[in-house]
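Here's the structure we're looking at; comments come further down.
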Amino acid sequence: MIHAEPKRTLITAALPYANGPVHIGHLAGCYLPADIYARYLRLCGKETLFVCGSDEHGVAITLKAKKEGITPQQLVDKYHTLMKESFEQFGISFDIYHRTSEKLHAETASDFFKVMYDKGGFIEKTEEQYYDAEQKQFLADRYITGTCPRCGNAGAYGDQCEKCGTSLSPKDLINPRSAISGNTPVLKTTSHWYLPLDRLQETFLNDYINQHKDDWKVNVYGQCKSWLDAGLQPRAITRDLDWGVPVPVKGAEGKVLYVWFDAPIGYVSATKAWCEANGKNWHDYWDKNSGTRLLHFIGKDNIVFHCLIFPAILHAQGEFVLPDNVPANEFLNLEGDKISTSRNWAVWLHEYLHDFPGREDELRYVLTSIAPETKDSDFSWKDYQQRVNSELVSILGNFINRVMVLTWKFFDGKVPAYNAAYHTQDQQYRKELKYGFHVMEEALRHFRFREAQSELINMARMGNKYLAELEPWHLIKTDKEKTASVLHVGLQIAAALSIAGRPFLPKTADKIAFLLNLTFDKKLWDVHFFESLEFLGAGHQLNEASILFKPIEDEEVQKQTDRLEQIKKDNESKTATQPTALNAVKADITYDDFDKIDLRVGKILEAERVPKADKLLKLTVDLGFEKRTILSGIAEYYKPEELVGKLVTVVANLAPRKIRGIESQGMLLMAGNDFGKLYSVGPEQDIEPGSVVK
RNA sequence: CGCGGAGUGGAGCAGUGGUAGCUCGUUGGGCUCAUAACCCAAAGGUCCCAGGUUCGAGUCCUGGCUCCGCAACCA
């Protein structure tokens with residue numbers, strides 16, 4: 001969209017869910033780009049507000065709290081504090097880092113709901129749901145366990161059986177029980193409010209998304225388009241739960257707003273909180289006609305919520321400004337594997353800050369260099385070391401140090417005078433620097449932070465080149481005046497780096513400014529400023545030279561990769577310990593029950609992958625008396641060729657079932673758990689296929 | 001034919017129909033102010049494949065192959 005210059009910019013970064021610490025994937029995905037952009041706008045003197053906060057509601061929080069034996073509030077307090085402190089130390093320049101468990105947020109979300117409710121913006125649907133009479137509460141899907149109608153697993157959840165993976169609805173469960181009390185729940189009617197996304201798609205979203213076909217990133221637009229093409233469905237925005245923002249309607253006691261309705265409103269409540277503390281009016285930031293430009297920085301997993309659902313909510317509410325752009329990033333992998341909180345496969349921010357004190361900018365630099373702006377990218381410690389050592393240390397740090405040391409050596413640490421007679425010498429460099437600055441600015445405006453940052457390093461590179469060409473260490477012997485001129489320009493380049501580097505490397509920029517003894521009392525990022533390339537006057541006293549970056553040693557990198565190796569091993573060996581601790585023994589069965597199962601030894605004759613299925617193998621198994629086709633979800637753990645000839649245990653009388661169009665006539669017994677590898681269970685010695693297992 | 005993204009020198013990426021480029025790495029040279037850092041140069045590419053549009057395709061179109069997410073599948 002083509003805009004008039006916005007009055008102000010409101011930047012939001014995805015609210016991190018308060019059930020774990022922040023990792024490098026979060027940083028590269030949205031917090032760093034948002035921070036760079038916010039810092040850039042502020043330097044330009046533009047009115048900017050950068051808000052974020054912890055997302056603290058939802059069933060996942062209550063479940064995790066229960067597991068840890070603490071209250072949801074205690075759980076979110078713990079992670080909120082951890083995240084807030086890590087962000088701060090890392091230098092993410094939120095104007096406010098709020099949280100959704102604050103009273104102010106509840107009021108805001110509540111008001112928001114009420115306005116929409118009064119307008120008839122929701123559809124109310126009444127359904128029967130399970131209710132725990134003793135605990136006097138409705139049971140969320142996850143709070144109901146029972147026997148899976150598909151596979152007979154007694155520990156299936158109301159939304160899914162984790163044994164066979166079937167997605168369920170609570171009413172499908174045989175013999176349902178409340179996970180809280182163990183009681184048998186009763187069906188009771190309850191009503192919920194739905195956001196009519198189908199209707200909103202027709203009246204609003206189709207046009208809204210289409211409008212942004214050209215100014216949104218292709219991956220973002222593409223993702224939205226595919227959701228719209230599939231057709232949106234009404235979505236429930238309330239839940240029967242006691243953790244969250246209460247639904248502000250009479251008769252809705254015990255109901256809270258669904259976390260996905262309440263979380264983005266957290267942007268609004270964070271803004272309010274900041275405005276209250278700073279004597280501002282929050283309406284200036286959120287009102288439809290406020291002239292505010294709203295930007296959501298998120299990771300790709302959030303696209304549907306920020307590009308479709310939240311705008312739909314804002315539109316339906318009617319008084320709010322809509323997102324102008326949603327620059328979503330793809331995902332960052334770690335050493336080739338997907339980052340995973342549950343598998344502990346991550347570089348945690350708080351651990352990095354602890355292991356690499358004072359090296360925040362190094363991580364910022366690397367993460368911005370490899371930011372997954374257009375496609376998934378990969379972080380590796382070796383790459384981290386290489387980028388820091390060969391770019392930050394060798395090019396940027398070294399240039400600053402050279403120019404500092406030379407000035408102290410030849411001019412007692414005072415900025416020497418420029419002599420226009422030597423103008424032709426540095427004209428070309430001035431031109432290129434100005435051009436580089438221009439490129440950087442263009443890139444920043446279009447959220448291409450990787451490119452913008454690499455331009456910064458290019459400027460430092462030019463500085464090095466300038467010194468190498470003019471050789472002030474030779475010149476000083478023959479022409480002091482010219483040497484003065486050369487160093488004068490060199491120092492201006494250093495100053496330019498300190499300013500241009502602020503959005504990317506704030507702590508380094510401050511250090512350079514300190515070395516140069518440089519202070520500014522007006523807005524820093526001004527085109528004319530860079531035109532003149534005069535930041536330091538002749539005679540200005542510099543501080544003592546000191547080193548900007550230390551190289552990352554091999555041992556430090558080794559330590560980190562060893563740690564990751566260890567985690568990999570731990571995940572694999574969890575098979576032995578975790579499941580027994582986690583999964584309680586199922587209810588007793590009689591011998592007769594057991595006797596119903598016909599277990600046989602089978603020999604795998606053939607094995608092949610099932611097309612278009614990640615986990616499924618199609619096996620031909622010899623049971624002695626006959627050959628069976630059996631499908632098994634073990635493709636991640638076994639290669640087909642490894643299995644041929646293997647003896648395995650087969651449930652021979654399991655009712656046949658069609659999986660992806662192929663009938664599976666039995667089941668292979670495997671040992672393992674959710675985390676680690678699966679191991680087939682077979683006889684120790686070679687034995688006839690078809691032998692009975694008892 | 002589920003949905004979306006992506007395939008470009010050893011690695012990571014840029015590339016708007018008009019001479020394929022950048023950073024790292026490698027090799028050779030220069031310099032010695034500087035953190036064994038800096039500067040210059042060279043080698044290294046059937047731009048996934050096959051068709052098509054065009055005077056001209058890495059770029060546009062069609063078909064195929066491969067990779068990554070999501071979905072599905074899973075015990």
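The figures here come from the full heavy-atom set of this structure, side chains too, leaving out hydrogens, waters and symmetry mates. Below, chains carry the letters A, B, ... as their sequence lines are ordered, and counting in each starts from 1.
Within 4.0 Å (heavy atoms only), A:E391 reaches sugar-phosphate atoms of the nucleic acid but no base atom. Across all strands shown, A:L669 has no heavy atoms under 4.0 Å from either base or sugar-phosphate atoms. Residue contacts for A:N464: at a heavy-atom cut-off of 4.0 Å it reaches the sugar-phosphate backbone alone, with no base atom in range. Within the 4.0 angstrom heavy-atom criterion, only backbone atoms of the sugar-phosphate kind lie near A:K300; the bases stay farther away.
For the pair A:L406 CG and B:C33 C1', the interatomic distance rounds to 4 Å; values are reported in whole Å. Between A:E553 atom CD and B:A36 atom P there is a gap of 11 Å when expressed in whole angstrom units. Between the CG atom of A:L631 and the P atom of B:A72 there is a distance of 18 Å, given to the nearest Å. Taking atom CG on A:L654 and atom P on B:C74, their separation rounds to 13 Å, with Å as the unit. Between the CD atom of A:Q386 and the P atom of B:C24 there is a distance of 9 Å, rounded to whole Å. Spacing between atom CG of A:L308 and atom C1' of B:G4 amounts to 13 Å, rounded to whole angstrom units. If you take CD1 of A:I395 and C1' of B:A34, they are 14 Å apart, rounded to a whole angstrom. Going from atom CG of A:N401 over to atom P of B:A36 covers 10 Å, rounded to whole Å.
Legend: residues meeting side chain to side chain contact (heavy atoms under 4.5 Å, CB included) with A:K603, ordered by chain and number and at least two apart, are A:D622, A:L647, A:P689.
Comparing B:U35, B:G69, B:A34 by their closest approach to the side chain of A:V393 singles out B:U35. Comparing B:U35, B:C38, B:A34 by their closest approach to the side chain of A:I547 singles out B:U35. With B:A34, B:U23, B:U35 as the candidates, the nucleotide lying closest to the side chain of A:P551 is B:U35.
A:K465 and A:E432 are not joined by a salt bridge, as no carboxylate oxygen comes within less than 4.0 angstrom of a charged side-chain nitrogen.
Nucleotide B:C47 forms no Watson-Crick or G-U wobble pair with any nucleotide shown, as no partner meets the under 3.5 Å limit on both distances. When both pairing distances are held under 3.5 Å, B:C38 makes a Watson-Crick or G-U pair with B:G30. Base pairing of B:G4: its partner is B:C68, meeting the Watson-Crick or G-U wobble criterion (both donor-acceptor distances under 3.5 Å). In this entry B:G56 has no Watson-Crick or G-U wobble partner, no candidate having both defining distances under 3.5 Å.
Between A:W260 and A:H306, the angle of the ring planes goes over 60°, which puts this pair in the perpendicular group of the 30/60° scheme. Note: A:H26 and A:H23 have parallel aromatic rings, judged against thresholds of 30 and 60 degrees for the angle between ring planes.
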Check nucleotides 7-13 of chain B for protein N or O atoms closer than 3.5 Å to its own N or O atoms and list the pairs.
| unit_1 | atom_1 | unit_2 | atom_2 | d |
| --- | --- | --- | --- | --- |
| B:C13 | O3' | A:R450 | NH2 | 3.2 |

Distances for protein N/O vs nucleotides 28-30 of chain B N/O pairs under 3.5 angstrom?
none

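Rounded to a whole angstrom, the distance from the P atom of B:G28 to that of B:G69 is 40 Å. Spacing between B:G25 and B:G18 at atom P, rounded to whole Å, works out to 32 Å. B:A11 sits 36 Å from B:C1 when the C1' atoms are compared, rounded to a whole Å.
For B:C40, the OP1/OP2 oxygens have a side-chain nitrogen or oxygen of A:K465 closer than 4.0 Å. OP1 or OP2 of B:A34 lies within a sub-4.0 Å distance of a side-chain N or O belonging to A:K409.
Here the side chains of A:L308 and A:L228 are in contact, with some heavy-atom distance below 4.5 Å. Side-chain atoms of A:Y422 and A:V486, non-hydrogen and from C-beta on, never get closer than 4.5 Å to each other.
A residue-by-residue look at A:N333 and A:R448 shows that A:R448 has its nearest nucleotide of RNA chain B further toward the 5' end. Position along RNA chain B of the nearest nucleotide to A:K477 versus A:M667 favours A:K477 as the more 5'-ward residue.
A distance of 9.0 Å separates CZ in A:R364 from CD in A:Q453, rounded to the nearest 0.5 Å. We find the OH-CG distance between A:Y466 and A:L487 to be 8.0 Å, quoted to the nearest 0.5 Å. A:F549 contributes atom CZ, which lies 5.0 Å from atom CG of A:L396 (distance to the nearest 0.5 angstrom).
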- Item | Evaluation steps, side-chain hydrogen bond (donor to acceptor under 3.5 Å, both in side chains), between A:R461 and A:N464 | CA-CA 5 Å; A:R461 203 171 263 130; A:N464 278 318; over 6 Å; no

- Message: Please evaluate residues A:H488 and A:Q492 with respect to the criterion side-chain hydrogen bond (donor to acceptor under 3.5 Å, both in side chains), reporting the C-alpha separation (whole Å), side-chain torsions for both, the decisive distance (0.1 Å), and the verdict.
- Response: CA-CA 6 Å; A:H488 181 93; A:Q492 307 306 332; 3.1 Å; yes

